[in-house]
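As the structure is a computational prediction, the values presented were derived from the model and not from experiment. Only this structure's heavy atoms are used, side chains among them; waters, hydrogens and symmetry mates stay out. Every number for a ligand or one of its atoms is a count from 1 in the order of the listing.
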Amino acid sequence: MSSLFRSRLAKEFDDRTAQFHTSVVEDLRIFEDDINGTEAHDIMLHEQGIIPQEALGKILGALEEIRAEWRRGEVEIGTEYEDVHEYIEGRVIESVGIEVGGMIHTGRSRNDQVVVDMRLRVREELLAITGQLLELVSALLGRAGENTETTMMLYTHGQHAQVGTFAHYLVSYADAFIRDSERLMECYGRVNLNPLGSGPVGGTSIGVDRQITKELLGFDGLVENSIDATSGRDWAVETASSCAILISNLSRAATDLLEWSSVEFGYVELADEYASSSSIMPQKKNPSTLELIRGKSAEVYGCLTELLTMVKGVNSGYYQDLQQTKIPLWRCLDTTRTSLEVMTGIVSTLAVRPEKMRERLEGSLVVAVELVEMMVMEAELSFREAYRLVAALVRDAVEKRKALSDLRPADLDKFAREVLGKPLEVDEALIREATDPESCLMRRKSEGSPHPVQVGKMLEGRARVLDELRVRLKAKDDAVSRAMENLRLKVEDYVVSG
Ligand code: ARG
């Protein structure tokens, strides 16, 4: 078939240029979205008295046949087509003739067409990614619930910092992912808008009703300005940027779990189905899935950078550069989604080794802060006095290879006289409490701390937030399904009565 859109030109593209120019490969992903968008547009044109009912019936019948072929895997689109839009319009014209088939593109441009297809696709992907993200949050909260008493080391600068719990750690990432899901849903609000009916850039003299296509396709509103609707891609950049932020959180969590999977730490162990081994070293159990989550985050950042760079210099109005936006956008969505799926599996099946975590706390100087704070609260020292005193005790303990829990009241008094020039009386029981990992944790009751009561409160709060997010997500999901189902029914009706 000769090209649909080249009547103005005397020659076809040569093969190499056709291959260079086409978007059919990345368009495969919007194949059905393109059919849905066209059906909605043509139903609207009929309701506006522009396409007669009989013609509409034939057009919709032909579109449904193409859809069925597509679903059977029988569609073959070569690079002789500029894009999926040309292929589908061409097939409809082939099937019902140009007098009827030639009506399908009335009052529309590929510029509003492609962007409606992309928005339809991205909104579904955003819903799926958010759903997966909530699964991950749920897995993290589930594992946290099992580990509120699992004490572990907290690090800053890779050094022993304070005593924490594994539950407290897991909730920190649940919180980050909750923010990510809120970000994705806000982004969804800016994606799920109707650009159709904008014409090539400045609208159309055909009597289109953009509210009708908005309703038919389940959009929440219009991208009103026709220049903005056809040439704006900030919603795609925002999608990629939400994915990039999300995957940076995922990558950081992967880094922690990676380190803690090492023999040196042994805090956690990946289930075998998420680990790999070595071609030569039979002892190896590699947490390579976590390494890939970290590695693939680079790909998502790359997609964001590619998109930003792609759009920054494009004038208003459609330019072919914008065709390229689909490629990084799809990759970014795919990588984000698969990384999330794998991480959810890893978290759900992770073996936790509380005894290994506990071992690390034994005899560690990590309780130094508690010792300082105990003296502030119980021995009437100023914070800096107590800090100096404990620093001297720490130095001495390091030299003598002793633990802070070995300290006796007489040691504190001796050092206080030396460092602060005054005596100090502290109860032995208090020293023991401040220097024992479990009881020192119980002294730290500040809001948001790893104290089991605090973490219990967080878990309750997060369970509520998770429920609310699921309800919000389901409402969006249902609205889309309802609209698409109604469109289906309308199409069937017109096909039968057409
Ligand atoms: N294939 C293009 C894209 O993917 C849409 C076509 C717009 N082309 C045009 N000549 N106005 O963005």
Side-chain angles (χ1 to χ4, degrees), residues 1-13 16-38 40-41 66 70 75 77-93 104-123 125 191 193-204 206 208 213 223 225-237 239-240 303 306-333:
M1 195 187 75
S2 74
S3 157
L4 259 195
F5 306 143
R6 300 177 67 84
S7 314
R8 152 81 177 79
L9 305 167
K11 284 188 176 172
E12 296 291 316
F13 279 139
R16 186 206 48 205
T17 312
Q19 266 182 35
F20 176 75
H21 200 281
T22 185
S23 62
V24 286
V25 175
E26 56 271 26
D27 285 356
L28 295 180
R29 190 152 175 153
I30 49 170
F31 194 92
E32 286 207 44
D33 302 298
D34 197 66
I35 293 178
N36 294 335
T38 300
H41 181 70
I66 299 169
W70 166 258
V75 165
I77 319 179
T79 53
E80 68 274 23
Y81 294 96
E82 273 191 36
D83 45 38
V84 75
H85 321 301
E86 180 179 22
Y87 173 82
I88 291 175
E89 185 179 339
R91 289 288 316 277
V92 171
I93 290 175
I104 81 168
H105 204 56
T106 313
R108 187 177 66 169
S109 156
R110 277 186 292 167
N111 302 349
D112 57 345
Q113 181 179 3
V114 67
V115 89
V116 82
D117 297 355
M118 288 172 72
R119 284 176 182 267
L120 290 173
R121 182 83 336 254
V122 171
R123 80 174 176 191
E125 307 271 349
V191 168
L193 300 172
N194 186 21
L196 202 56
S198 297
V201 60
T204 169
I206 304 285
V208 298
T213 48
V223 192
N225 182 295
S226 62
I227 302 174
D228 183 33
T230 49
S231 49
R233 292 293 184 276
D234 55 346
W235 57 274
V237 175
T239 298
C303 294
E306 193 174 337
L307 276 167
L308 284 166
T309 314
M310 212 172 259
V311 299
K312 78 177 174 67
V314 178
N315 300 70
S316 311
Y318 181 89
Y319 285 79
Q320 206 76 36
D321 312 42
L322 300 179
Q323 171 165 291
Q324 294 298 108
T325 54
K326 278 172 273 176
I327 300 167
L329 193 54
W330 302 157
R331 276 178 64 211
C332 143
L333 291 165

Practice task
Could you tell me whether a side-chain N or O of Thr38 sits under 3.5 Å from a main-chain N or O of Asp34, the two making a donor and an acceptor?
Solution key: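 Checking the backbone N and O of Asp34 against the side chain of Thr38, a donor-acceptor pair under 3.5 Å is found.
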Practice task
Please confirm whether Arg91 makes a cation-pi placement over Tyr81, using NZ or CZ under 6.0 Å from the six-membered ring centre and within 45° of the ring normal.
Solution key: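 The answer is no, since Arg91 fails at least one limit relative to Tyr81.
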Exercise for the section: Determine whether Asn111 and Val201 make a side-chain contact, defined as any pair of heavy atoms from C-beta on separated by less than 4.5 Å. Expected result: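 Asn111 does not reach Val201 side chain to side chain.
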Handout entry: Any pair counted as salt bridge (Lys or Arg N to Asp or Glu O under 4.0 Å), so long as it reaches residues 313-326, sequence neighbours left out
Key =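 Matches after skipping sequence neighbours: Asp27-Lys326.
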Practice task
Fit a plane to each ring of Trp70 and Phe31, take the angle between them on a 0 to 90° scale, and name the class: parallel (under 30°), tilted (30 to 60°) or perpendicular (over 60°).
Solution key: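 The rings of Trp70 and Phe31 lie parallel, inter-plane angle below 30°.
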Problem - Presence of salt bridge, Arg29 and Glu125, under 4.0 angstrom - result: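 Looking at Glu125 and Arg29, the cut-off is met.
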N/O pairs closer than 3.5 Å, ligand 1 and protein:
from	atom 1	to	atom 2	distance (Å)
ligand 1	1 (N)	Ser23	OG	3.3
ligand 1	1 (N)	Asp83	OD2	2.8
ligand 1	1 (N)	Gln323	OE1	2.8
ligand 1	4 (O)	Lys326	NZ	2.4
ligand 1	10 (N)	Arg110	NH2	3.4
ligand 1	11 (N)	Asn111	OD1	2.8
ligand 1	12 (O)	Tyr318	OH	2.6

